[in-house]
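Structure first, then comments.
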Amino acid sequence: MTEILRVENLKKSYDGFLAVNGVSFAVQQGELKALIGPNGAGKSTCFNMLMGQLKPTAGQVFLDGENITGKQPRDIWRKGVGRTFQITGTYQSMTVIENVQMALMSHHRKLFAMRPRAWKLFRGEAFEFLETVSMADQADRPCSILAYGDLKRLELAIALTHRPRLLLMDEPTAGMAPSARIALMQLVADIVQDQGVSVLFTEHDMDVVFAHAHHIMVLNRGALIADGSAAQVRNNPQVQDVYLGGGTLFKEAQDA
Amino acid sequence: MAFFFAQFLTGLANASSLFLVASGLSLIFGVTRIVNFAHGSFYMLGAFVGITLMNVLPGTVGFWGAILLTGLAVGAIGAFVEMVVLRPIYRAPELFQLVATFGVILVIQDLALMIWGAQDRMGPRAPGLRGVWRIFGEPVPKYDLVMIAITPFILFALWYLITKTRVGVLVRAATQDREMVGALGVNQAWLFTGVFALGSALAGWGGALQLPKGGADLLMDFNIIGSVFVVVVIGGMGSLPGAFIAAVLISVLNVFGVTYLPQSTLVLMFVVMAVVLIIRPYGLLGREEVAGEHGQVGAPETPIRPYGRLGQTLVGVLLLALVALPLVVDQFMLILLIDMVVFALFAASLHFILGTGGLVSFGHAAFFGGGAYAAALLVYHLNTPMEIAFLFAPFAAGLLALGIGWFCIRLSGVYFAMLTLAFSQLVWSMAYQWRGLTRGDDGLVNIWPSSWLSDTIPFYYFTLAFGIGGILVLRHIIHAPFGYALRAGRDSPRQAEAMGIHVKRIQHTAFGLAGLMAGLAGGIFVFSKGSVFPTELEIGASFDALIVVFLGGVKTLAGGVVGAGFLTVIEDWLTRLEYWRLLLGLVIIAVVIIAPEGIVGTLRSRWAKLRGHNEEVVK
């Protein structure tokens, strides 16, 4: 297996407060890896530094050996990294399928095209992506009226359009019903299997994490305290301390 | 050195009423998110009401009592305006309220004209403070020193009110998250009214306090509103100390500007603002602030679709009617139609950047007037043939927009709006003060089209071809991938960047394009009128376009065009009457209240309801 993502000693400080304090890890090709931790552990900050929304204070990020530290999100996207957000940011004024078409237009570098009829461009291709996430029946609904769980699935479809090598998913199942969570992560697991995409995701639902993740990393107060298989992480005393000692059971952390 | 110091004191004295007005505007914006253009009108009311009261109340006590009462009176008027005009439209799209406040300006202007007449009034001298004191041998009016002494107390009182009292806590909470404040059981409606009244009272006090130095006239409202916005923006939206520092900075600079660099006075403050915003994008003491970030109201825009067969047929019929019109109507009607098409293209270009791009530009007239001047300058100085000069108009305006856009695009929300305003003022002042090139307010005249276009009917068709053509090209682009990318950047910049879209570059291009189309409108304009004056570059011209876009409906593609048609016709009717401003203002306010989504937007939702197609929205 080859390394698709390598993170070295990543740090982010806000006015002296270290939100992320020297995190290092790697994601292997075709791996589904979870990054978990209590609220405020620095998961989203980490993600934002990987994708370029935030500039790291120190440390480096390598994608397939190439240093992408501090690059713009759009450039990192072009290098084959997809991302979904904790709070979805789909285009409210477009239909479901137009949201996917927009990503395809960007992927096919048609952004500055002044030819009309954008709603016809890549429609077939977009439809296929919607089918992957079972959203095809809602293709022509306005995005602004979708249920939250559907928005999450739409975001996944959008993130797949440029056939990413690596997918970063920030709480992909937050706000979804429990059955839908399992279904969505099963979908992601299938995609990993079929397309060889590597996925790094954060999640609060431990059922989802332990059911699907190949490897799990635990972040606490900006530092990694565990990185390994489900069994290793479960039995790690430090992890138990963070979750159990803090009075938060795995089950109870679900909707945090 | 003594002279220097005296100058400095004059600046400080001028700063005090500027600070009062600006702090009021800042408060109102912070809590209600209303960009209150009418704030200058409350300042003017303060001056007039103050004079009236001072004439009634005698002596020193009367003078200061009159000032105090003026503030209360103007505050009450402000509360009335808020309750009657603004309260019904808080749910309208972001920034829509500024159209209503523009209506308020017009109404107050004519009411003031009716009550106080057109004559400028000299302010009465403050009793007991008539003379001067000598400071280092230089005479300084006593009243100036009193104002300088008062201002810190006002700043302190406001600061105390905002930071230390319960009301202040509510106001600050509402500034950050008004929905949450509402959820906590605070009566938002009264909080908004109260803040609006306080803000208006501050403006009224500003107007009354400056009376002994200035006076009262009917142009005060527009004269101050520019500087007030500049002060609020330089200081940082919502920051009282920032507003104070900025008021002092601007006033002192102005005094020195008048002495040492008189030709700079019109632009000086806008240059300062541009420099501050380029270095500190949120003002000296401001924090990041995006209009629409807190509690975005109104329904999200519906997905766009090109017209179906019915719509296309209607547009086709309308175009045919426009083409056939010269057979039936007289010359005056054609000239009105030319004006309408020119204005429609100008508005459509603003709508492109504002509606589709989400960038609210307060200075779009720079490109309309810029295009007009570009063509006129070629004809006037170089005798360039009309055809070439005409084509140069959009080209020059597009380049100007790319240049100005390079600075402005990095900001967003109200700060973007203000920086565009600053640049358009720069362009205006160049046209106004570079007399050697532009002949100043004498304007450039005798800019007529070539002989084949010199009759009204050929020029009408020429206007149709380029005007309607331009509008169609813009619509075409909105439906193109570029238009989609522009909307993506407006809807969610974060998501757009995370899918490879260089949002700022798209916006910059769109800004250039909008400038180019505005310049095209300006090109048609200058040859239809045969002249161009600096008025085409004024703030008022930019605001006209803004009003038209909002009146028509920001969230609809036809909004700009329909709004332009509407306003041109209404203005043509009303301007024949004596108090047309009053009526126009009332019409604007009425439309805003009756049709909060704009004319087209409201018609569309009615139509959708009628056909029962609303089920999706209800879900």
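Throughout, a chain's letter reflects where its sequence line sits, starting with A, and its residues are numbered from 1.
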Residue [X] excluded, over 12 heavy atoms near [atom1] under 6.0 Å:
X	atom1	result
B/F395	CZ	no
B/R505	CZ	no
A/K110	NZ	no

Between [X] and [Y], what is the shortest heavy-atom contact and its length?
X	Y	value
B/A498	A/F85	CB-CZ, 3.8 Å
B/I477	A/M114	CG2-SD, 3.8 Å
A/A113	B/A480	O-CB, 3.7 Å

Note, [X] side chain near [Y] side chain (heavy atom, < 4.5 Å):
X	Y	answer
B/Q495	A/I158	yes
A/M94	B/I304	no
B/I506	A/F112	yes

B/R487 charged N/C atom sitting above A/Y91 aromatic ring, 6.0 Å / 45° =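 Judged by the rule (NZ or CZ under 6.0 Å from the ring centre, within 45° of its axis), B/R487 is not positioned above A/Y91.
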Sort [X] into side chain, backbone, both or neither according to what part of it lies under 4.5 angstrom from a heavy atom of chain B.
X	answer
A/M102	both
A/Q101	neither
A/I76	neither
A/T88	backbone

Atom [atom1] in [X], atom [atom2] in [Y]: separation rounded to 0.5 Å?
X	Y	atom1	atom2	value
B/M499	A/L111	CE	CG	10.0 Å
A/R117	B/H476	CZ	NE2	9.0 Å
A/S106	B/Y484	OG	OH	15.5 Å
A/I87	B/R494	CD1	CZ	7.0 Å

Under 3.5 Å: donor-acceptor pair, side chain of A/R74, backbone of B/E497 |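 Such a contact is absent between A/R74 side chain and B/E497 backbone.
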Residue pair B/S492, A/Q92: steps toward the side-chain contact (heavy atoms from CB on, under 4.5 Å) verdict | CA-CA 8 Å; B/S492 175; A/Q92 296 283 300; over 6 Å; no
For chain A, which of B/I501, B/V473, B/T509, B/I478 has the most heavy-atom pairs under 4.5 Å?
->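 Looking at each of B/I501, B/V473, B/T509, B/I478 in turn, B/I501 comes out on top.
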Under 4.5 Å from a heavy atom of chain A, the part of B/R475 involved =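 For B/R475, neither part sits under 4.5 Å from chain A.
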